[in-house]
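Please read the structure below before turning to the comments.
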Amino acid sequence: MGTLGEQVSGMEQMDKLVTLCKRRGFVFQNSEVYSGLAGFWDYGPLGVELKRNIERFWWNYMVRRRDNVAGLDAALIGPEAVWVASGHVGAFHDALVDDKNSKERFRIDQLLYHTEEDAEAAEIYALEAIEAGVTDETKFWDGLKEKIGYYPLNPNTGKASRFTAPRQFNLMFKQGIGATGEGGQTGYLRAETCQPIFVDFDSVRVTARQRVPFGIAQIGKAFRNEINPRNFLFRAREFSQMELEFFVRPDSLIEQLKAAQVAETPGLHDQPGSLAPTQHWYEYWLGERRSYYTALGIRDEFLRIHDHPPEKLAHYAKAACDIEFLFPFGWGELEGIHHRGDYDLRQHQEHSGKKFEYFDDDAHRLLTESGMNKDEARRLATYLPNCIETSVGLDRTFLAVLTAAYDEDEQDTKHEGKEADIRIVLRLHPRLAPVTCAVFPLSKKLSGPDSKAYKLYRTLIEMGLSCEFDDAGSIGKRYRRMDEIGTPWCLTYDFDSEEDGAVTVRDRDSLSQDRVSLEEVPTLLIQKLSES
RNA sequence: GCGGGAGUAGCUCAAUGGUAGAGCCCCAGCCUUCCAAGCUGGUCACGCGGGUUCGAUUCCCGUCUCCCGCUCCA
């Protein structure tokens with residue numbers, strides 16, 4: 001952060017980011033001409049480039065450079081059965097009540113009851129009442145009192161209060177399949193991208209010829225009908241996730257067998273056998289994910305790990321933590337790393353009737369070699385894999401990258417009568433920047449389709465670089481336009497270029513200017529990119 | 001979803017019960033111009049709907065969106 005960057009308050013910075021995003025075409029409110037739709041955003045010309053660069057970065061880091069991770073791009077919508085099995089149809093249908101006195105909102109089972117049984121009875125009663133269309137609060141609460149013998153209290157004050165009748169909040173988008181809406185299936189837009197991964201687990205494993213441990217990765221949209229979308233891209237109703245589900249053996253049988261054999265057996269890579277069998281994979285991925293953010297150019301002081309205490313874990317999780325980023329509005333979750341156990345595969349196995357068990361050839365061979373009888377060896381070698389999940393919010397990463405990159409400089413100004421010359425600059429990682437370089441003919445007389453400047457621009461484009469050509473306005477103004485969108489390098493073709501065949505390469509951060517011959521420019525840029 | 005605040009050009013703001021001005025941005029042209037703010041010209045706005053009124057950007061109601069707090073947050 002520059003000197004000015006540190007002085008602006010969080011919300012000021014957020015406003016500046018939102019304005020910049022709109023002004024320069026990173027992100028627009030969806031359907032703005034129809035006054036907008038809360039929780040939905042459109043990525044503009046620069047936004048789509050930045051977003052794809054982030055995706056590519058993640059995909060290379062998590063999939064392409066590993067031989068034990070396979071990719072997937074599954075449908076956004078799935079039949080009801082998938083979401084019943086995953087638990088979303090049940091868990092995403094909370095019955096909520098508002099306290100009219102305190103303006104607080106509670107899940108009905110989290111009010112103050114004498115016993116847990118009463119709380120459960122209240123929830124069941126509430127869901128029935130919602131089903132039956134009961135909206136009269138007096139009728140509802142009197143009915144509940146008949147059931148459990150008293151009115152529940154506000155859990156914060158411990159006192160009686162005026163509650164509304166319960167309402168159901170369905171966090172999943174539901175859709176009838178088939179044009180008539182009749183006779184077809186009910187489908188849901190996926191609430192998280194991982195469920196199709198679990199459903200396709202066996203198909204991917206077999207076709208990718210993968211053996212446990214291995215992972216399945218996916219980047220794609222997910223949808224949640226959030227009660228209240230907030231904080232720009234941070235909580236949207238349609239958003240993208242980048243997820244890896246990594247499947248591991250739930251015990252340390254292999255390590256034990258190998259250790260028992262002989263010392264020369266090489267240990268599995270990255271797999272110290274002394275730890276709890278799956279815990280180290282959880283820690284391995286946490287470490288990998290931290291390195292990823294460093295590689296992405298996000299400094300450590302913007303990140304922290306928030307461990308979920310055991311009593312607060314979701315029903316499926318054995319361990320969980322969040323990687324949080326310091327957004328302008330405070331710390332917020334960027335990524336969740338969860339040890340999901342075998343919950344998901346087990347659920348889908350039970351609901352679908354298909355086996356997701358894995359037969360471990362290695363273990364089977366070692367076991368039979370040790371003289372164990374076949375049935376016992378087969379039993380021990382067959383298991384349902386456990387899953388370590390790393391789940392990143394792509395839109396949140398986008399916002400984090402912008403937040404970390406946003407800076408304001410104070411420049412020396414030649415002009416008098418003005419207080420300060422403020423330069424807005426996005427210090428984006430060069431590989432993330434939506435535009436990598438720009439070509440500026442110093443004068444329009446050096447412009448035109450047959451000019452050398454334009455030909456340089458075409459050359460760079462054909463090399464696959466993201467490049468812009470700008471001949472409008474003063475040269476300084478053009479530099480500023482590029483600073484504001486984070487373009488790392490600007491190439492200026494001037495009157496001397498005709499003679500010396502060289503251009504000025506201007507650096508976004510150092511403002512340095514180097515004279516480079518036209519022939520060397522492409523390789524220089526490629527080199528700078530790979531070194532960054 | 002509740003409570004509070006706010007919506008006038010791409011941005012920042014102004015004025016007005018008789019349909020709106022400016023600066024910056026943007027576009028075109030001029031200038032041998034390497035770090036915004038030179039000259040000339042130009043485009044672009046009262047979130048949407050309804051009501052009151054002869055007439056509404058202005059007053060009222062609703063709605064949508066944004067911000068803050070609560071809530072929610074797999």
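Letters A, B, ... are given to chains in the order of the sequence lines, protein chains preceding strands, and every chain is numbered from 1.
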Check your understanding: Which listed nucleotide (U32(B), C27(B), U12(B)) is nearest to the side chain of Phe495(A)?
Key -> U32(B)
Point to revise | Parallel, tilted or perpendicular: ring planes of Phe398(A) versus Tyr43(A), cut at 30 and 60 degrees | key: perpendicular
Review point. Do the side chain of Asn228(A) and the base of C72(B) come within less than 3.5 angstrom through a donor-acceptor pair of N or O atoms?
Key: no
Review point. NA contact type, Ser391(A), heavy-atom cut-off 4.0 Å: base, sugar-phosphate, or nothing?
Key: nothing
Check your understanding: With respect to the phosphate group of C66(B), does any side-chain polar atom (N or O) of Gln29(A) fall under 4.0 Å of OP1 or OP2?
Key -> yes
Check your understanding: Could one point to a donor on the side chain of Tyr479(A) or the base of C34(B) with an acceptor on the other under 3.5 Å away?
Key -> yes
Review point. For Ser474(A) and A37(B), is the shortest distance between a side-chain N/O and OP1 or OP2 below 4.0 Å?
Key: yes
Review point. Side-chain donor or acceptor of Arg480(A) under 3.5 Å from a matching atom on the base of C35(B)?
Key: no
Check your understanding: Is there a donor and acceptor pair, one atom on the side chain of Arg506(A) and one on the base of C35(B), closer than 3.5 Å?
Key -> yes
Point to revise | Trp141(A)/Tyr151(A) aromatic ring centres below 6.0 Å | key: no
Exercise for review: Can you tell me, in whole Å, how much space there is between the C1' of C44(B) and that of C11(B)?
Suggested key: 13 Å
Check your understanding: How would you label the contact of Phe232(A) with the nucleic acid (heavy atoms, under 4.0 Å): base, sugar-phosphate, or nothing?
Key -> sugar-phosphate
Review point. Counting side-chain heavy atoms from C-beta on, which of C26(B), C34(B), G10(B) comes nearest to Lys22(A)?
Key: G10(B)
Exercise for review: For nucleotides C13(B) and G17(B), find the distance between their C1' atoms and express it as a whole number of Å.
Suggested key: 23 Å
Revision key, fill the gap. Given the options Val97(A), Leu112(A), Ile108(A), Leu144(A), Pro152(A) meets side-chain contact (heavy atoms from CB on, under 4.5 Å) only with Leu144(A)
Point to revise | Donor-acceptor pair present, Thr504(A) side chain and C34(B) base, under 3.5 Å | key: yes
Point to revise | Presence of Lys16(A) side-chain N/O under 4.0 Å of C11(B) phosphate oxygens OP1/OP2 | key: no
Practice item. Could you tell me whether the phosphate oxygens of C72(B), OP1 or OP2, come under 4.0 Å of any side-chain nitrogen or oxygen in Arg224(A)? Key: no
**Study point:** Separation of U65(B) C1' from Trp41(A) CH2 (nearest whole Å)
**Key:** 9 Å
Review point. Do you know which two heavy atoms are closest between Asn30(A) and Asp42(A), and how far apart they sit?
Key: ND2-OD1, 3.1 Å
Practice item. Let me know the distance between CZ of Phe329(A) and P of C68(B), rounded to the nearest Å. Key: 9 Å
Check your understanding: How about Glu498(A) and Tyr493(A): does a side-chain donor come under 3.5 Å of a side-chain acceptor?
Key -> yes
Review point. Can you tell me how far C1' of C67(B) sits from CG of Asn231(A), to the nearest Å?
Key: 10 Å
Check your understanding: For atom P, what is the distance between C60(B) and G69(B), given to the nearest Å?
Key -> 28 Å
Review point. P atom, G18(B) versus A56(B): distance in rounded Å?
Key: 11 Å
Check your understanding: Which value, in whole Å, describes the distance between the P atoms of nucleotides G51(B) and U8(B)?
Key -> 24 Å
Point to revise | Nearest to side-chain heavy atoms of Leu442(A), which nucleotide of U33(B), C72(B), C35(B) | key: U33(B)
**Study point:** Parallel, tilted or perpendicular: rings of Phe329(A) and Phe327(A) (30°, 60°)
**Key:** parallel
Practice item. Examine the side chains of His348(A) and Gln195(A) and answer whether a donor and an acceptor come within less than 3.5 Å of each other. Key: yes
Check your understanding: Which part of the nucleic acid, if any, lies within reach of Leu37(A) when heavy atoms closer than 4.0 Å are counted: base, sugar-phosphate only, or nothing?
Key -> sugar-phosphate
Check your understanding: Between U19(B) and G55(B), how far is it from one C1' atom to the other, in whole Å?
Key -> 10 Å
Check your understanding: Separation of Glu389(A) atom CD from A74(B) atom C1', in whole Å?
Key -> 8 Å
Practice item. Considering only atom P, compute the distance from C25(B) to G10(B) and round it to an integer number of Å. Key: 16 Å
Review point. Yes or no on side chain to side chain contact (heavy atoms under 4.5 Å, CB included) for Leu426(A) and Phe26(A), after CA distance, side-chain angles and deciding distance?
Key: CA-CA 12 Å; Leu426(A) 292 185; Phe26(A) 283 93; 4.0 Å; yes
Check your understanding: Between Lys477(A) and C25(B), does any side-chain N or O lie under 4.0 Å from OP1 or OP2?
Key -> yes
Check your understanding: Just how far, in rounded Å, is P of U12(B) from CD1 of Ile424(A)?
Key -> 12 Å
Check your understanding: What's the CG-C1' distance between Asp322(A) and C73(B), to the nearest Å?
Key -> 11 Å
**Study point:** Nearest-nucleotide pick for His88(A), side chain only, options being A74(B), C34(B), C11(B)
**Key:** A74(B)
**Study point:** Pair of N/O donor and acceptor under 3.5 Å linking A74(B) base with His338(A) side chain
**Key:** no
Exercise for review: Mind checking which stems touch RNA chain B? I mean at least 3 consecutive Watson-Crick or G-U pairs, both distances under 3.5 Å.
Suggested key: B:1-7 with B:64-70, B:10-13 with B:21-24, B:26-30 with B:38-42, B:47-51 with B:59-63
Check your understanding: How far apart are the C-alpha atoms of Gln218(A) and Asp73(A), what are their side-chain angles, what is the distance that settles it, and do they pass the side chain to side chain contact (heavy atoms under 4.5 Å, CB included) test?
Key -> CA-CA 6 Å; Gln218(A) 177 167 223; Asp73(A) 185 9; 4.2 Å; yes
Exercise for review: Assign Arg230(A) to base, sugar-phosphate, or nothing according to its heavy-atom contacts below 4.0 angstrom with the strands shown.
Suggested key: base
Check your understanding: Just checking, any donor-acceptor pair under 3.5 angstrom between side chains of Thr504(A) and Arg515(A)?
Key -> yes
Exercise for review: Indicate yes or no for a side-chain donor-acceptor contact from Gln349(A) to the backbone of Phe356(A) under 3.5 Å, with no hydrogens or angles considered.
Suggested key: yes
Exercise for review: Find which nucleotide of RNA chain B each of Tyr493(A) and Glu32(A) is nearest to by heavy atoms, and output the residue with the more 5' nucleotide.
Suggested key: Tyr493(A)
Practice item. Give one of base, sugar-phosphate or nothing for Arg340(A), where a contact means two heavy atoms less than 4.0 Å apart. Key: nothing
Check your understanding: If you take all heavy atoms of Cys490(A) and Tyr479(A), which pair is closest and at what distance?
Key -> CB-CE2, 3.6 Å
**Study point:** Value in whole Å for how far the P atom of C26(B) lies from CZ of Arg478(A)
**Key:** 12 Å
Check your understanding: If the C1' atom of U57(B) is compared with that of U53(B), how far apart are they to the nearest Å?
Key -> 15 Å
**Study point:** Glu333(A) CD to A74(B) C1', straight-line distance once rounded to whole Å
**Key:** 9 Å
Check your understanding: Taking the inter-plane angle between the rings of Phe246(A) and Trp281(A) on a 0 to 90° scale, is it parallel (under 30°), tilted (30 to 60°) or perpendicular (over 60°)?
Key -> tilted
Check your understanding: Between Lys445(A) and Asp470(A), who's closer to the 5' end of RNA chain B by nearest nucleotide?
Key -> Asp470(A)
Please tabulate, one pair per line, each protein N/O and nucleotide N/O from nucleotides 6-8 of chain B that are separated by under 3.5 Å, including the distance.
none

